[in-house]
Amino acid sequence: MIIIVLFLYLFVILFDFIPIYTQLSKKDIGIYIVLIITALTLSVAIEMGIEIPSPAKPLEGIISFLIGEDK
Amino acid sequence: MEKEIVTNKQVINIMTMFLIGSTLVLGVGSDAKQDSWIAIIIGIGYVIPTVLIYSRILWLFPGKNLFQILERIMGKYVGKAVSLLFIWYAFHLGALVTRNFSEFINIVALLETPPLVPVLVLIMLCIWGVKEGIEVLGRWSQFVLPILTTILFITVILSFPLGDWTNIRPIMYNNLGPILKASYGVFSFPFAETVIFMMILGGLKGQKGYYKVYLKSILLGGFIVLIINLRNIVILGYEFIDNIYFPSYAAVSLINIGDFLQRIEILVSVVFLFAGFIKICICLLAVCYGAAQVLNITEYRILVTPIGLMMMILSLIIYDSMMEMQEWAFVYYKFYAFPFQVILPLIIWMVCEIVVKQGNKKSIAKST
Amino acid sequence: MGKSNNNEGNKLTEKCLNKRLQDNINLIKSIFTKDDTLIVREFNSEYQGSIMCAVIYIDSMVNTQVVNENIIQAIMCTTLKEYTINNLLKELQNKVIRSNEVIRSSDMNRITEAIIIGDTVFLLEGYNEALIITSEGWQTRAIEEPSAEMVISGPREGFTESIMVNLTLIRRRLKTPDLKFEFKEIGERSKTKICICYLQELASPKIINELFERLASINIDGILDSAYIEELVQDSPYTPFRTIGSTERPDVVAAKLLEGRIAVFVDGTPFVLTLPFVFIEYFQSNEDYYQNFLMGSINRIIRIIGILLTISVPAIYVSLVTYHQEMIPSQLLLSIAAARKDVPLPTIVEAIAMLFVFEVLRESGARMPTSMGQAITIVGALVLGQAAVEARIISAPMVIVVALTGITGLLIPKFKSASIIIRFIFLIMASILGLYGYIFGFMGLLLMLFSMRSFGVPYMLTLNSLDPQEVKDTIIRAPWWYMHYRPHIIGAKNQFRLKSQNRRQNNGKNKV
């Protein structure tokens, strides 16, 4: 399954990035690479079964704290 | 950012589809049980002044979207910080909608397929759509919305024989309390989510005021939601609506004309998918506009793919199950969204009015 | 490539004509070495004591009657009353040679080109200039009905390969001086003549300029067909949809010119390009206008539904049978299940195999000599259809599905390439995600269509909204007295088609 994820990102970079590579400024390329690598790491992590904490839980905690538990 | 030309009509279409988007999938106002239709009407009543505030903010700074306005009135750093809050809201919302749809497709139709597959295809399409730009999305919606309304209209007509009007009664059995609670739920999902449109509309050329656009969309979208909700209550009765995940889908699946026209709920899925696609696209577009503004990039298009992929990842990890998603949508969401939909816009509005008044004073002082 | 051309050009311009006839003749012969079609005819003229002159031309490119009577005979037999030695050539040009176009030139490039086109070159002893006399007369095909675009009622003229003949066909239909023809030459070695034609009051100058810019940027060896230009000039070259229309019929071109479009004629091919081209034009046919408006509207609606069917049916069938069996009415489901009982292949493989076979049949039938036609029909119908079903390799419903797809696909020949690709993509998506895959595919298709432009005009021009004004000429064909406006944007320069709004109703009340 990880192979599929890697292939997917390969495709993304091929079709998305390479065509406009030459027209972008350094800053744009930098930001793009940072974002893609974040996404890639997270995807691989999910595929490998590592559990990534969901931001929903803390938010729910905060809200129920603020509102009171009667909901 | 290149100024793109979208006509008023196209924005109305996009906004209406945005409103229908996940509403039809999940259903609204179910706290009020059989009076949910009253809750919807009241909810629309709440949202109209809110929407006027949104339009007013956009009108005070013509040609700027929310992020640019924030930087203008609050200075660069505070503006960027507040922008980040809104970006997070849009991002989270997009992931929520994607997750809604992935659950829908998974539970209703493709039980065996891992939910990653339809989600991936959906996100790829949304990335493509956002890259094309809001102009193309506007034209697309202009073409698609009439088709969707026709399909919905047909399902309503076809379900007449099944309708049991006693299901609406007793009207207001529990008095106003639950209705008001539910109406607040309706306000925050989906109507006040149009706050997201503040993030994308201002940057488009050729618009003077968004009042009409907002109002028309709210009324049209609200009308459609109301009719569908009414249909669901009439066909299913309130006990079922509480217990089923996807009331619209269940309602349409009961339609059976002459043993031939049956199980046509796929048509309803078509409506969901098209409208949901637009909703996710708008959320993604808002995030990309915001990120481009915060990072000082001129062209938002390069950011679309990574942000889209991250939205997909968030949608995969955000919940473990359908029940959690329901709980969030009906219990917690209205509180979570309140700051973004009401508090922040109010503050921004007031600051805008002050800044503009000061600006007027300055220019009057200069000229005299 | 560019460099060697320049060298040749330089060589030519280095050589020039001098005053001796034999030198000139040898010079031209040296340019056309190993070209046995070049004919040199030397003869005496009446003047100066039988001064020698020569005519040079290429065999069967010229109209020999013109050469014989108007040049050779004229020079041999006419007597000039007064002439001087110095301007004998000029006198011959003005008073003796009977031809509609005579040019005097000493430019070797020009002379060579003239010989190649079919003009005759006249050389006179003692002069270093030559006369280029128009005398083209090669064979062209007669005007006949185009086999690819037949109509039941309507004109039966079709374009031929000669550009001048084609231009006359248009001129006869639009007898206005507003009709403009601009010539250009494209192709390094083919030097193909093309003509850009438009009605100046109607066509948008922006589009015309854009077209000229794009044509100027073409750099190719040879243009053999208008499709070459189409590919090099069109927007969105990577989508399967065309953004430039092509047609073989003059009435179609005239109608499009009247809407404000621009036509491009290419010498050597009967297919004329029309631009801009929007999606709805796939579904419009000139015959809709030659019949009753009800008939025309019905035909259009049939075409639209047919195209929807041809791209969707295989995908929907595969997805219903594989993923959503509950949607099929129970009787039908039982028959399909019975038919599929012993078939070893999964439905998707069946579908792809049958579609592939259909495409093979179609492609092989397209260019086959008629003698083999019967064999193909037998092979196709009997073997693949009947025998395959009986051998339980393919299920009968699949044959029906593919047949339906094929027939509806033939409704609009121009759409074929697009429909094959789209059909295949839908099929793959449907096999992965069932009907949702098909829906996703459809969303993507719509997205692509709405993002395309043809020379600045949005591709789905009139399909955006249900504006009654637009529906009149798209999904249906409204009677002429309702069609007041030209299409948006394309005909924006002059929006009004008709002056009169009313048509006198003849209810038969005026009886004689």
Side-chain angles (χ1 to χ4, degrees), chain A residues 1-2 4-71, chain B residues 31 88-89 91-92 95-96 99 114-117 119-121 123-124 127-128 131 181 185 287-288 291-292 294-321 324-325 327-340:
Chain A
M1 285 306 280
I2 304 186
I4 301 185
V5 170
L6 288 174
F7 261 116
L8 174 70
Y9 277 88
L10 197 66
F11 270 129
V12 160
I13 297 182
L14 254 174
F15 283 115
D16 205 41
F17 188 48
I18 306 280
I20 51 175
Y21 180 54
T22 42
Q23 299 168 12
L24 297 175
S25 68
K26 288 270 173 182
K27 188 170 94 172
D28 298 340
I29 297 180
I31 295 178
Y32 187 86
I33 292 187
V34 165
L35 289 173
I36 281 278
I37 293 194
T38 329
L40 180 62
T41 353
L42 287 172
S43 310
V44 172
I46 294 182
E47 283 305 316
M48 299 210 302
I50 302 176
E51 212 183 283
I52 304 177
S54 145
K57 298 273 174 37
L59 280 172
E60 283 182 19
I62 299 178
I63 293 175
S64 45
F65 170 72
L66 287 174
I67 302 298
E69 277 298 331
D70 62 337
K71 289 295 171 232
Chain B
D31 278 351
W88 161 253
Y89 176 65
F91 188 68
H92 190 196
L96 285 175
R99 181 55 185 254
L116 174 64
V117 179
V119 166
L120 189 60
V121 176
I123 289 287
M124 286 282 143
I127 291 177
W128 182 13
K131 275 196 159 197
K181 267 199 234 159
V287 176
C288 292
V294 165
L295 298 169
N296 276 332
I297 304 180
T298 40
E299 184 57 61
Y300 73 93
R301 286 190 163 89
I302 8 166
L303 300 173
V304 179
T305 321
I307 295 183
L309 286 170
M310 287 205 283
M311 203 186 267
M312 176 179 86
I313 295 172
L314 181 61
S315 81
L316 291 172
I317 62 174
I318 197 163
Y319 297 120
D320 292 327
S321 67
E324 262 191 72
M325 186 175 91
E327 194 191 4
W328 169 270
F330 292 122
V331 177
Y332 293 106
Y333 181 69
K334 36 191 162 189
F335 302 109
Y336 159 76
F338 187 67
F340 298 102

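Lettering of chains follows the sequences in order, A, B, ..., and the numbering in each one begins at 1.
At a threshold of 4.5 Å between non-hydrogen side-chain atoms, the residues B:L96 and B:Y333 count as touching.
Between A:F11 and A:F15, the two ring planes are parallel [angle under 30°; tilted spans 30° to 60°]. Using bins of under 30°, 30° to 60° and over 60° for the plane-to-plane angle, the ring pair B:Y336/B:H92 lands in the perpendicular bin.
Taking B:L316, B:I307, B:I317 one by one and counting their heavy-atom pairs under 4.5 Å with chain A, the maximum is reached by B:I317.
A:L8 touches chain B through its side chain: at least one heavy atom from C-beta onward sits under 4.5 Å away, while N, CA, C and O do not. For chain A, the nearby part of B:L120 is the side chain; its heavy atoms alone come within less than 4.5 Å. Contact annotation for B:I127: neither backbone nor side-chain heavy atoms come within less than 4.5 Å of a heavy atom of chain A. For chain A, no part of B:W128 is nearby; none of its heavy atoms comes within less than 4.5 Å.
Checked against side-chain hydrogen bond (donor to acceptor under 3.5 Å, both in side chains), B:S315 has no partners two or more places apart in sequence or in another chain. Shown here are the side-chain contact (heavy atoms from CB on, under 4.5 Å) partners of A:I31, two or more places apart in sequence or in another chain: A:K27, A:L35, B:L295, B:I297, B:L303.
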